[in-house]
Structure formats: C-alpha cells, structure tokens
Amino acid sequence: MKDKKALNQRSWYKLDNAAKVFPGQDTSTRSNVFRITAVLKETVDPVLLEKALEMTMPRFPCFNVRMRNGFFWHYLEKNENGAPPVMPDSATPCLRVRKNENKGYLIRAFYYENRISVEFYHAITDGFGATRFFMTLTAVYLRLTGKDIPNGESVYDINEEPREGEKEDSYLKYADSKVKAKRLHKFTYHYRSKKLPTHYLNITTGFLPVPAVKEKAKEYGVTVTEYLASVLLWVMYNMQKRERNNREKFVGVQIPVNLRNFFKSETLRNFMLCYSFQIDPKRGEYTFPEIVKQLSLYLRYINNEKELQTMMRGNIGLEKNPLMRIMPLFLKNFGINIVYKIAGEKATSAIISNVGIIKAPKEMEQHIEKLMIMMGPGMINGARCAALSFNNILAISISNIYESPEIQREFFTALVKLGIPVKVESNRAAISGGEQ
Amino acid sequence: MSYCVNCGVELEKGCKACPLCDTEVINPKEKNADSKPAYPQKCDIPKSVSKRYWVFVASIALIIPNIVLGIIDAVYFESGISIYVFGASALFWVWVLFPLLWKKPIPLILLQIDAVSLVFYINLFRINSEQSGWFGSMAMPIVLSLWAIAALFIIWLKKPKSKALKGIAILSAINAMCFVVEICSNLFYNGKLQVGVSLAVTACFVPVMIFFAALAKSRRLKAWVRRKFFV
C-alpha cells in the first residue's frame, strides 16, 4: 500500500511540444545539447559545486528528471538519484546524451580551473530556462564560497516552492489559432569541408563589447540579433560566391525566438520557435546593407503574436494528429530520424540564437568574469551560433564539426572589419593535439 | 594582450597561434605569460560499442528462430523444409555479419568466402531435389561467372575510374551475365548452343556504351549535352 502511494506521488511530465522531436533526432554520436559556461574570478572547488548542485536541483523539478520510453511517447520522470555528478571538463563539449549515463540526468555539470559549465539536453529546456538554472546554481556556489549573493533577476530563490507555471507546457496554453502555419523553405547552401573525428566539436567564442555592437546596429536601425544574423548571412552568402557553384542555392539563416517576450509565461521548459530567412543569390548581387534591411523588415513583419500562434498551432496539430498519436514510439523515432537526416538542417545555412541580456544581482556580477553559451554539434550546419550578453560583454560561440575554422574566421573578421573589436578563444588547439 | 596580425582579433593570454588562421603569435611581452588555456587539453571521447558485440547479438537473434523452426519442423511437419531456412540464415551470417568481424575487410578474400558459401547453399537444393544435372550445367557456371566478374571489378576499381568508364564496365558486365545465363539455360533445356535475347541486350547497350565513351573523351560533347538537356 505504501509502495503504491509512493508510486502515485512520483511525478512525471509529458515532453513539451518542441521537445518531442529531439529524442528522435538523436544518433549514437550526436544529441541536441547546448552548454552554458561561466568564467569566475577564482578557481572552482568541485566539492562545493557538487553541494551547490544538490541544493539547487529540488528547486527546479523540470531539470530533476530522467527520460523514459512510453509505448507511444517519451516522458520525463522524477530522478531519485540526488544530483548529477560534477565532472572535470574536457576539450570535447556537448557529447551525445545516453539515458543510462550520468545517473540518468539530462544535464551535466563540469568544472575546469575557474570555469563552471553545465550542459543541457534540449528536450528539457531552452536557453531561457537553462540560464535561470545556471545562474541560480552559480549563485548558490558563490554563497557556499562565502560570498553574499541575494536572489533576484535570473537568480531564483532555492528555498521557495517551484511555481506551477514553471512546469507548464506553454505551447498548449497559447497555441490559440484556427489556422496552421505552412512552412515551406527551400534547401540552402551548406559549407562543406573535412569533418573532425566523431564526437569532436570545433568551438570558437568571440567576446564583443555590447555598446559597440548596439551602436553599429543602431546605424542600420535594427536590433542586435538582426544585425548579427545579417552578418552571418552575409558571410555565408560570400562563401557560396567564392566557391563558384554552377547552381547557386538559397542562403538562409534560422533565428530562434523566445516566446516569453510575446506571451505571459514563466515556464522553464521549451517555449521558443524558429524563424527562417532566406535570400536567393540568383536574383542578383546583394550588398550588406540590403541584407540587413531585408532581414529586419522580414522579421518585423512576421514577428507578431498571431503569426507565432499559427506556427505553434501547426506544430501542435502534428502532435495531436490521431495517426501520429497511436503510432508506436519506435516508429515515431525512426520517422523523425529519417526526416531529420533528409531535410532537418538542409533548409538553413546557419543558426543564430541570441538568448539576450542575462541579468544578475550586482553582488554576483563582480564575481563572474564572462558568461557564454554554445550549441552542440549539428549534422551539416557549419555555423551554429549562440549568443548572450552579460556585464556588457556579448559572447558569441560558433560550433561546428569541421576541421577548418573558415566560417569562424570569416564571421569574426567581418565584425572586426565592421569596426567591432573581438576577442576570441577556442578549443581548437586542444582538440588538434588532444589525447583520446 | 596579443592581436592576430592576420585577422585583427584579440587573442587569449599565452595563445601560441591564432585559433582562426593559425598565424603564429609572437609577443615578447607575453613570452612567459602564466595563463591557462580556455579548454583543458584532455579529450574525453565515449567508447563506442564494439561491432563484435552487435555481431554477437544479431547472431543470437538469428539462431533463436532457427531453433524454434527446427523443433516445429521435426515434431509436426517432418518435411525438412527448415534446412533451407538454416542455409539461408548461414548465408546471411557469412555475407552480412562475418565482414563486420574484420577490422579492415579485404574485398577479394570476402568474395571467395561469399562465393563458396553460395555454392554450398545451392548444393543444399541439389541434394534434396530429384534432378541434379542443373547444378553442374547451370548453377555452377552462373555462380563462377558472377564470381569472376566481381573479382575483376574489385581489381579494376583499385584505382579510381571516371563515371563514364564505370558506366561502360557495368553495362558490359550485365551483358556478359546475360550471355552466360542464356547459353547455360539453352544448353540445359534444349541442348543447343544459341543466343537471342542477349544479342538484343547487346544491341541496346552498345550505343549507350559508345555514347559514354564519347562523353568521357570529348569536353565539347559534354558541354553540349549539359546545355541541351539541363533540367
């Protein structure tokens, strides 16, 4: 009887609408993982970090989970193993996720010198939720080292009960449209070169002063995200031109958007959608100002509640399709995997996800030197960029699976040429001479 | 702090080469800079499950239905039909799973093993059938010619060949196989050495092969074809 009660109390969640596709896309060598790293001003103590993690996990029930296979869908179940282990970092971040590793947790914590890194499986959260968890964990760690860090901004109070809204699937709540969006994107140009060995990832992070980027964006009357996406698109467009292909393909950039900016949601699970913008080089030569103008006008036209609702409706329509619902999980996974392999990344040449400004209490800011976010490996995408701003420093990380850092070089030197100073760091030296 | 003279980006303290263009960094002021790199020098790569493990699992999965079928056949049907299923399973194991056990498979050796196993499998049918003449006069010549063509292909493809040449070789091989099959079956059924269908196949293939050869030789023809038949 007691066991039955305990069983009933064991909480479980359905995967949210966006998360449902991620397990199907996984392969034995890659998963949809992203990483947040904080560079502190002093060396990290792994024992205290482990303790901080143990204290933080109960406050975030959406992260305190393991993934299980149902007959029709995957689901998340409360993980009773305490907290994920804290591990020494390696030069190959964002490795694939296995359900039976890491005590079953879908987040991984690492330390290296003065750096704390946490990797998140995208099926449990997006950039917003992950930064909230990460900043709270860092605050708890700093408190354990004797600093007086208050709650507030992106630091949650670990002593308060988790709010119901943090666990909700906001897609279901806000997909309030009678029509479904049809998304038809053309296959685009992709940078190709010699790939790194399996599991290796080439990551380069550029640090830019926020005022300089804002000023440049202001010159064109666009936002920072629009400006960075335009630079990336411009770089990919020029790379295709240099390759002198007989048939020039579309060049596209995908921009994830945080839906919490439009809908009143406090969920820490996925709540984002992706816009895709493409240009057709066959229509003639494009200049950088033209690309900036077209991209910003397109985003401003499409970036509204109604459009987002139709996009959400489209995704939910697929999830709620009776045929899809009764299809056994292994068939769903197989189908998703095949579709992703054939068309998943083909419709975009690059991705740029800007998480935005991460605010922390002033007492905490002075202990963190830098904060950065980076995406895991894709299948073919040469430019998977993730950006966030902290303490007036914009950190943009470009990840890919190619040996050559050509895209990284083109992107950061383009910014330098546009008059923005860039400081770079990379794992290239480590992975080229790393031991296995 | 150092800057890359080529890219213009600022570099990490103590960086020996620019991570974007590999240009060497020479900064006398940072010669003895005591700084840690941004990433550890150790690469932790997960161990992949060995192929031998999968071969073992697949072999077990193959054996179980065979045993069940063998028992059912022996107890209820007594027809001996399960011997063909055993043979097919063994053939599948030799053709598909056995190469996975090799670290670097040698195609020519694998081909010999595949050919021998195929002959053994066909021999199963010979043993259980009333007639056996077909084995020597039809099955063996076809298998041997298939083996010879495949071996020639493997040796010939050791050096890379153009697409047109590969196309000509494939068509020639198909045509040769047509001749072998037709001659063998005519000799077995009618006792006559005659060819008909194979000549028709040759008549179809030869113009295509000539076209391929011309395409491989003439750049002008290639350009003309591309201009006229673009899709």
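Residue numbers begin at 1 in each chain, while the letters A, B, ... track the order of the sequences. Heavy atoms only: backbone and side chains are in, while hydrogens, waters and symmetry mates are out.
When all heavy atoms of Ala38(A) and Ile368(A) are compared, the pair lying nearest together is CB-CG2, 4.4 Å. A pairwise comparison of heavy atoms in Pro281(A) and Phe250(A) identifies CD-CA, 3.9 Å as the closest pair.
Residues Tyr39(B) and Pro93(A) meet the side-chain proximity criterion, which asks for heavy atoms closer than 4.5 Å. Proximity of Leu201(A) to Leu196(A): side-chain heavy atoms (C-beta onward) are nowhere separated by under 4.5 Å. Between Asp280(A) and Lys186(A) there is no side-chain heavy-atom pair separated by less than 4.5 Å.
Your options are Cys18(B), Cys21(B), Cys7(B), Gly8(B), and the one with the most heavy-atom pairs under 4.5 Å with chain A is Cys7(B).
For residues 396-427 of chain A, a heavy-atom distance under 4.5 Å to chain B picks out Pro405(A), Gln408(A), Arg409(A), Phe412(A), Thr413(A), Val416(A), Val422(A), Lys423(A), Val424(A), Glu425(A), Ser426(A), Asn427(A), given by residue number. Residues of residues 384-393 of chain A never come closer than 4.5 Å to chain B when only heavy atoms are counted.
The residue from Val47(A), Val44(A), Leu53(A) that alone fulfils the side chain to side chain contact (heavy atoms under 4.5 Å, CB included) condition with Val86(A) is Leu53(A).
For Tyr121(A) and Asp26(A), the side-chain atoms include at least one donor-acceptor pair closer than 3.5 Å. Under the 3.5 Å distance criterion, with hydrogens and angles disregarded, no donor-acceptor pair is assigned to the side chains of Thr37(A) and Arg115(A).
Ion pairing of Arg35(A) with Glu119(A) is present here, as a side-chain N (NZ or NE/NH1/NH2) and a carboxylate O approach within less than 4.0 Å.
Relative to the six-membered ring of Tyr227(A), Lys216(A) misses at least one condition, a distance below 6.0 Å or an angle of at most 45° to the axis.
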